[in-house]
Amino acid sequence: MRMRDGNGNDNFIPKDRYISRAFAELETERLWPRVWQIACREEEVPAAGDFVEYTLADQSVLVVRDQSGQINAFHNACAHRGTALALGCGSFKRGEIRCPYHGWRYALDGRVTEVVDAHEFEPLPADLRARPVRAECWGGFVFVNMDANAEPLLDFLDPLPTLLAPYRLEDMRFRSYRTTVLPANWKAVVDAFNEGYHVQGLHSQILPWTDDVSIEYEQFRTHSHYGRLPHARRRLQPSPRLGIADDDIDEAAILTGLVTGLGGAFLKEERELVDELVSAGLPRGELLGAYQARRLELLASRGFDVSGFETEQMTSADDVYWFPNVVGPIYPGSAILFRVRPNGVDPDSSIKDTWVLEWPRADAAPRQLERRFYADWTERDWGEITMQDYDNIGRVQRGMKSRGFDGLRCNPRQESNILHMHRVIDRYIYE
Ligand code: FES
Ligand SMILES: [Fe+2]
């Protein structure tokens with residue numbers, strides 16, 4: 001299942017990597033147990049005893065905050081007969097975990113503290129515990145890794161901590177948390193958000209305000225990103241594919257389309273700001289700069305630290321792919337992250353979380369996190385662009401199974417992040 005077609009083409013990805021159980025099992029054995037992955041946000045375990053169960057394929061890990069404030073993780077299996085110690089999320093009252101089956105007790109770091117009728121057992125190891133999983137935090141995320149010998153988290157993430165420092169992800173909080181199930185391999189779902197090549201095919205309605213052609217792609221050792229790099233600049237111009245003459249470009253219409261089309265990332269006041277600037281009738285070419293400067297002021301006036309941004313980043317996203325399974329746009333002040341996991345060991349199904357994060361306003365009351373689950377993605381309207389993506393993702397998975405299809409022929413520039421993902425997966429599977 002190495003990448004390359006019969007002609008030695010390196011940009012060919014055999015379809016088995018997406019549809020075969022054998023490859024899914026290789027990932028289950030070699031990738032997932034050895035890679036850092038985002039289990040939850042720190043804000044999900046704010047107090048001692050709070051826990052989140054992180055499930056991945058057929059594995060379950062508990063993330064628990066202990067009395068000292070430390071976040072620990074361990075395999076969710078009782079050292080007696082394997083019962084899962086906790087499900088979902090919640091809080092261990094009284095600072096201890098009790099297995100529901102025979103009542104063994106655990107400290108919040110996974111150490112066994114009491115074995116019922118211990119004297120009847122042959123001597124048990126003194127350090128009996130639920131097996132630890134490494135847990136390290138960055139940017140407000142709790143990462144876990146089942147491999148005790150894995151590289152440190154910051155080495156794995158490099159250079160994302162530097163690249164993303166101005167966005168202060170650690171200051172962001174959930175605006176919403178929604179989960180659904182999609183009928184496709186987890187990688188097919190990630191791929192759908194990791195390139196701009198499909199904009200002209202699937203989302204042509206946004207071409208009037210999206211210059212898809214000048215999107216750039218950059219791969220790091222493990223992760224990658226795309227956007228108007230290096231500073232994620234957005235130029236206020238339609239796609240060159242539309243062939244609109246410079247004199248005919250309507251900047252006001254483009255700016256309005258941008259802030260309404262990407263509604264989630266732009267708040268109501270910012271839409272009002274666009275209305276105000278548009279009606280001020282600025283000379284040609286000045287509208288975007290004026291909006292960017294005002295948006296920066298607006299964020300600063302809310303007490304946010306915007307010192308790390310250049311003005312022209314105010315209308316741009318940096319679309320970051322956090323290997324292996326998180327992707328999404330990060331804006332000044334907000335971020336949308338898609339976390340995609342295999343649904344059990346089924347190569348044709350995945351679980352997708354949509355996390356919308358934002359800098360909370362100082363005067364806003366803390367929001368109660370509500371996690372919503374949709375067993376079928378069609379149960380809800382996810383917005384026009386995402387509905388197009390979701391509808392298409394199932395077609396991709398079905399189409400790949402065709403006897404007339406051997407593998408993916410990727411565009412070496414615009415789909416370079418996808419190719420890179422497969423090469424990094426191979427590092428885990430074959431090295
Ligand atoms: S399985 Fe947990 S106490 Fe028996
Ligand atoms: Fe899309």
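Counting starts at 1 for both ligands and their atoms, in listed order. Heads up: numbering here begins at 1 and tracks the sequence.
Residues F141 and W355 form a side-chain contact, since some pair of their non-hydrogen atoms from C-beta on lies under 4.5 Å apart.
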Step-by-step ring pair (Phe, Tyr, Trp, His ring centres under 6.0 Å) determination, W138 to F143: CA-CA 8 Å; W138 180 82; F143 289 80; 7.4 Å; no
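Per-residue contacts place C99 under 4.0 angstrom from the following atoms of ligand 1 (heavy atoms of the residue considered): 1 (S), 2 (Fe), 3 (S). Applying the 4.0 Å criterion to heavy atoms of W104 picks out, from ligand 1, the atoms 3 (S).
Rounding to the nearest 0.5 Å gives a distance of 11.0 Å between CD1 of I418 and OH of Y197. Residue T386 holds its OG1 atom at 10.5 Å from CH2 of W377, rounded to the nearest 0.5 Å.
The set of protein atoms (N, O or S) found at less than 2.8 Å from the Fe ion (ligand 2) reads H198 NE2, H203 NE2, D389 OD1, D389 OD2, by chain and number.
Of the candidates Q388, H203, E415, H203 is the only one forming a side-chain hydrogen bond (donor to acceptor under 3.5 Å, both in side chains) with H198.
Among the backbone and side-chain atoms of H80, an N, O or S atom lies under 2.8 Å from atom 4 (Fe) of ligand 1. Not one N/O/S atom of H102, from backbone or side chain, sits under 2.8 Å from atom 2 (Fe) of ligand 1.
Because its NZ or CZ atom is both nearer than 6.0 Å to the ring centre of F338 and within 45° of the ring axis, K352 counts as a cation-pi partner of that residue.
In this structure, the protein non-hydrogen atom closest to atom 1 (S) of ligand 1 is T83 OG1, 3.2 Å.
Nearest heavy-atom pair, L169 versus A335, reported as atom, atom and distance to 0.1 Å: CD2-CB, 4.4 Å.
Listed for the R34 side chain is a donor-acceptor partner under 3.5 Å among the backbone atoms of Y428.
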